[in-house]
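Report on the structure given below.
Quick caveat, the model's predicted, so the values are computed rather than measured.
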Amino acid sequence: MFRLETEVDKGRRTLLSRRLRDDNTAGSPELRVLRTDPAGQEIPLEVWALDELGAVAGGLTGRTWAYWLHVDQLWVDARHRGCGLGSRLLAEAERVAGADRACTRSRLETWGFQAPDFYRKRGYEVSGQVENYPPGVTEFIMTKNLS
């Protein structure tokens with residue numbers, strides 16, 4: 001007999017994550033090798049654009065893992081859009097990921113109303129898409145070779 005619960009439980013989430021990681025490592029020779037490599041550690045990567053007063057004009061947050069850069073968020077304040085700041089933020093993240101962390105690929109997700117064309121112009125290709133996520137919106141999974 002099992003009892004199902006829907007409560008948020010940080011301790012259980014940590015336990016679940018550890019157990020899944022262990023099972024995945026046991027089931028994949030590639031992951032076993034990766035876990036012994038420095039690239040097997042997920043490392044945050046952040047790039048900030050500050051204006052003359054030190055306020056955030058834009059930023060990129062992501063992480064590197066397994067020789068990949070994963071871009072989580074890229075945002076530029078409306079007052080600074082159209083001047084290449086987003087391109088600079090992305091290029092700097094790609095530079096750090098490639099030069100300092102040996103990443104060879106980059107990936108991200110973006111919605112159809114956000115910036116798929118922005119990323120295409122910077123060398124990203126659609127690797128997949130999810131229709132109606134959220135309803136009425138298409139999510140694009142995009143990747144790029146950094147080498």
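Between W75 and L60, every side-chain heavy-atom pair lies at or beyond the 4.5 Å cut-off. Looking only at side-chain heavy atoms (C-beta outward), T110 and F118 stay at 4.5 Å or farther from each other. Side-chain contact between R18 and D22: present, with at least one pair of heavy atoms (C-beta onward) separated by less than 4.5 Å. Side-chain contact check for V71 versus L90: some heavy-atom pair is nearer than 4.5 Å. The shortest side-chain heavy-atom distance between W48 and E92 does not fall under the 4.5 Å cut-off. In this structure, the side chains of E94 and L69 come closer than 4.5 Å at one or more pairs of heavy atoms. The shortest side-chain heavy-atom distance between R21 and R35 falls under the 4.5 Å cut-off. Contact of the W68 side chain with the R107 side chain is registered, since non-hydrogen atoms from C-beta on lie closer than 4.5 Å.
Nearest heavy-atom pair across A66 and L34 is CB-CD2, 3.5 Å. Between R32 and A26 the shortest heavy-atom distance is NH1-O, 2.7 Å. Between G123 and K144, the shortest heavy-atom distance links the atoms O-CG, 3.6 Å. Residue W65 comes nearest to G40 through the heavy atom pair NE1-O, 3.0 Å, listed as atom of the first residue, atom of the second, then distance.
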Q129 and T138: CA distance, side-chain angles, deciding distance, side chain to side chain donor-acceptor pair (under 3.5 Å) verdict | CA-CA 7 Å; Q129 64 185 60; T138 299; 5.2 Å; no
Evaluation steps, side chain to side chain contact (heavy atoms under 4.5 Å, CB included), between K10 and R13 | CA-CA 5 Å; K10 183 178 179 183; R13 185 171 53 250; 3.7 Å; yes
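Side-chain heavy atoms closer than 4.5 Å link hydrophobic residues (I, L, V, M, F, W, Y) into clusters, and following such links, even through other members, never connects V56 to L85. Criterion: ILVMFWY side-chain heavy atoms under 4.5 Å apart, direct or through other members. Under it, V130 and V126 are not part of a common hydrophobic cluster. Cluster annotation: V96 and L89 are assigned to the same hydrophobic cluster (Ile/Leu/Val/Met/Phe/Trp/Tyr, side-chain heavy-atom contacts under 4.5 Å, transitive).
T143 and Y124 share no side-chain donor-acceptor pair at under 3.5 Å. Residues S87 and R122 bring a donor and an acceptor atom of their side chains to less than 3.5 Å of each other. With 3.5 Å as the limit, one finds a donor-acceptor pair spanning the side chains of R101 and T64. For the 3.5 Å distance criterion, the side chains of E46 and T61 fail to qualify, holding no donor opposite an acceptor.
Using a 4.0 Å cut-off between charged nitrogen and carboxylate oxygen, D117 and R120 count as a salt-bridge pair. A salt bridge links E5 to R3: one of the charged nitrogens lies within less than 4.0 Å of a carboxylate oxygen.
Taking CE of M142 as the reference point, atom CD of E109 lies at 11.0 Å (rounded to 0.5 Å). Rounded to the nearest 0.5 angstrom, L16 CG and R19 CZ are separated by 8.5 Å.
Side-chain atoms of Q114 come within 3.5 Å of backbone atoms of W111 as a donor-acceptor pair (strictly under, hydrogens ignored). With hydrogens and angles disregarded, no donor-acceptor distance shorter than 3.5 Å links the side chain of S28 to the backbone of N24. The main-chain N or O of P134 is never found under 3.5 Å from a side-chain atom of N132 such that the two would form a donor-acceptor pair. Remark: side-chain polar atoms of D77 are paired, donor with acceptor, to backbone N or O of R79 under 3.5 angstrom.
The only member of I43, L45, D72 that meets side-chain contact (heavy atoms from CB on, under 4.5 Å) when paired with R63 is D72.
Under a cut-off of 6.0 angstrom, the local environment of CG in L53 is crowded, with over 12 non-hydrogen atoms contributed by other residues, nucleotides or ligands.
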